[in-house]
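Right, one structure below, let's go through it.
Here is the naming used below: chain letters follow the sequence lines, and residue numbers restart at 1 for every chain.
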Number of protein chains: 4
Amino acid sequence: MPKVGMEPIRRRQLIDATIASMGEHGLADTTVQTISRGAGVSPGIIHHYFGGKDELLAATMRSMLVQLRSDVTERLAAAGPSPRARLEAIVDCNFAAGQFEPRVVAAWLGFWAQAPHNPALSRLQRINARRLHSNLRHSLRALLPPDRAERVTMGLAALIDGLWLRFALTGAMDGSEARAVALGYLDAELGA
Amino acid sequence: MPKVGMEPIRRRQLIDATIASMGEHGLADTTVQTISRGAGVSPGIIHHYFGGKDELLAATMRSMLVQLRSDVTERLAAAGPSPRARLEAIVDCNFAAGQFEPRVVAAWLGFWAQAPHNPALSRLQRINARRLHSNLRHSLRALLPPDRAERVTMGLAALIDGLWLRFALTGAMDGSEARAVALGYLDAELGA
Amino acid sequence: MPKVGMEPIRRRQLIDATIASMGEHGLADTTVQTISRGAGVSPGIIHHYFGGKDELLAATMRSMLVQLRSDVTERLAAAGPSPRARLEAIVDCNFAAGQFEPRVVAAWLGFWAQAPHNPALSRLQRINARRLHSNLRHSLRALLPPDRAERVTMGLAALIDGLWLRFALTGAMDGSEARAVALGYLDAELGA
Amino acid sequence: MPKVGMEPIRRRQLIDATIASMGEHGLADTTVQTISRGAGVSPGIIHHYFGGKDELLAATMRSMLVQLRSDVTERLAAAGPSPRARLEAIVDCNFAAGQFEPRVVAAWLGFWAQAPHNPALSRLQRINARRLHSNLRHSLRALLPPDRAERVTMGLAALIDGLWLRFALTGAMDGSEARAVALGYLDAELGA
DNA sequence: AATGAATGAGTCTTCATTCAT
DNA sequence: AATGAATGAAGACTCATTCAT
């Protein structure tokens, strides 16, 4: 069934299968076979479209990052200029249905664990962390004195990651609960 | 030169080498060879003392958990009955020198990523989470109304994990900063 | 844009690309891809025109053989009936610009190494060897007693191959030097 | 059947199996499997002792070179100071029973074809060529004027290689015939 | 005529594990 | 108690070949 113009379709298919496999087996047990079987194609196709497993993994992480970024951009645009609304928008992105989903969270966790030992993943991870940080800080500086803004930025960023992590590990939480905890922190720090 | 009483020495040696290897190469690239080479012994010895790699990994996680637990017990004993002091003690444990160390944090991260796909690790991880949760909740209930206590428990637990995670990923933080962020959260929530 | 009469053009194009690839990567690392890329066509085309890689390789060797043969025929015709002139003509062919060229010599070497394990190549190689042998012997018999003619035939044939080989391996020689060595041997044996 | 001190035994065994496989299948079709099967061991053992296939191939070529070198050294010592005797000794080495054997010659041919595309093999090949060249030239200079000595050096070296090559390709020759051709060349050049 | 998508067999390599010593 | 020789299954990757378009 060879067809023309399959490239974007196959790439998406393989990236989705990678996320699915990471959700099911973890990064360590995600092989070229688990991915290709999940996508319903032959193992060789991965090298045809990505050149190798490593590049597919990097492309997968990149794809998740792009998704997150476009969510944020969109919500920030809708949030208007109010700092409080912008902070809420950022929190909302991170716990929205698309991102806060077992498979996706497990994939992030796998990448996080591998990143310190893999330059490509590390770079992507750092870009993401910096962007979140910078978005939060920008709004918090409008609401708090500089040193507190800085501390709350770190806290809120860490809290978001921590809530993801606990979700990945226990599953005993849903997006709205996580959101409530994060916004509770925000209210407490802003109200003090 | 057969010696007696080598067992506890060798087990500790291998567990330490496992943590070191996880810090250096990550769980995915931690092999029986990297561990045994780090410990300066032959690969076969791992099976002699642990029966296999999996059991050594579980033993390593268990060992880190035991260490954390005894730290907490000790500090809680020293903290006295004051709920605020007890909460501080728990936070302190997590960011004390011994625990908040690159190798150890990387090892935790590796185990976290693997836990959802490995019953033994998952069990240990759950026990740890539950204990932290229960310790925090017990003290928070003395300071806050039940529903808020519950939410702050989740928040503080997630924040602690999130700070660890960011430390593992960026290294741009030390124990005292992390501690300040966590206690800042606590103060904000209690003060509100 | 289907064109007519593309067959001879494509076949030549692919054979040239095969020689080029063998010169650059060696036979072992000459793949359908290195060839088709060098020819600027798709990999599938090789099977269209040659039925497979093996047949293309055989066709390439055959083409080199045909080239050599026609050179020899032409030069022998020009050399006239003198045995000495005919021997010189044969030597000249082997070290003329077209044949004594890095890519071509490397291709020959690759085929030589493969021939003992490949019936098709072996057959071609044997035909070539026999023709050279017979050409040399025919002229040498006019100049030397039978047993010496036979030995010098073997010697001259081996010397020609050996000079090629050293050129392939070291490159530290050009056609005129090689020619001088071969003719020096001839003179020494004839003069003795 | 694990034993101690197997290293030298296994290394030799694997090198011999490599030569045998190259003789039977050619370098191109010599795989880790053909070698290990020939040696009666598992494929993994190659990486245990050589780190990989490439290093085994290089070790094999090195071993053949060492063998040739020690033969030459020994025969030259026995030949005494006479230049003619020394030249004969060198020729004899190359066509002695141990070296002039189908498997070994096929292995040399495989390495020759691969050398131009493989730095490690190329280096070994160059060392060998230089040594032969230098040995021949040293004795020839005692018998001929400089420029002729140089040309005969090239000729004799090429002739030796060419006789090997023809033996590899046709098998229609034995050591004593090859020896006679080479010495015939020498006599002709010296006698002229 | 020509492409390039897709396959699957085969290659090298890694690695946990076993076992004679 | 400890070694390290040896295995074999599994991994990523390559490549000649096929085939719908």
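- Between dC15(F), dA16(E), dA6(E), one nucleotide has an atom nearer to the side chain of Ile45(A) than all others, and that is dA6(E).
- Pairing of dG4(E), defined by two Watson-Crick or G-U wobble distances under 3.5 Å, is identified with dC19(F).
- Nucleic acid contact class of Tyr49(C) (heavy atoms, under 4.0 Å, all strands): sugar-phosphate only.
- Taking atom CD1 of residue Ile35(D) and atom C1' of nucleotide dC12(E), one finds them 11 Å apart after rounding to whole Å.
- When the nucleotides dG4(E), dA2(F), dA1(F) are ranked by their closest atom to the side chain of His48(A), dG4(E) comes out on top.
- Between Gly52(A) and His47(A), the closest heavy-atom pair is CA-CD2, 3.6 Å.
- In this structure, of dA2(F), dA5(F), dT17(F), it is dA2(F) that holds the atom nearest to the side chain of Arg10(B).
- The NE2 atom of His47(B) sits 14 Å away from the P atom of dC15(E) (whole-angstrom rounding).
- In this entry the distance linking CD of Gln13(C) with C1' of dA1(E) reads 13 Å, nearest Å.
- Nucleic acid contact class of Ser42(A) (heavy atoms, under 4.0 Å, all strands): base.
- What separates CG of Leu56(B) from P of dC15(E) is a distance of 16 Å, to the nearest Å.
- In this structure, Gln33(D) places its CD atom 10 Å from P of dG10(E), rounding to the nearest Å.
- If you take CD1 of Ile46(A) and P of dC15(F), they are 18 Å apart, rounded to a whole angstrom.
- What you find for Met22(B) and Ala107(B) is that their closest heavy atoms are CE-O, 3.4 Å.
- Distance alone, capped at 3.5 Å, is enough to place a donor-acceptor pair between the Ser36(D) side chain and the Val32(D) backbone.
- Positionally, the nearest nucleotide of DNA chain F for Pro43(B) lies more toward the 5' end than for the other of Pro43(B) and Thr31(A).
- When each of Val41(C) and Asp54(D) is assigned the nucleotide of DNA chain E with its nearest heavy atom, Val41(C) is the one assigned upstream, toward the 5' end.
- Heavy atoms only, all atoms of each residue included: His117(D) and Gly23(C) are closest at CE1-O, 3.2 Å.
- Rounded to a whole Å, the CE atom of Met6(A) is 10 Å from the P atom of dT7(E).
- Across all strands, Val32(C) comes closer than 4.0 Å to base atoms (heavy-atom distances).
- Trp112(C) and Leu109(D) make their closest contact through O-CD2, 3.6 Å (heavy atoms, listed as atom of the first residue, atom of the second, distance).
- Mapped onto DNA chain E by nearest heavy atom, Lys53(D) and Ala28(B) fall at different nucleotides, with Lys53(D) at the one closer to the 5' end.
- Rounded to an integer number of Å, the gap from CD of Glu7(D) to P of dG4(F) is 11 Å.
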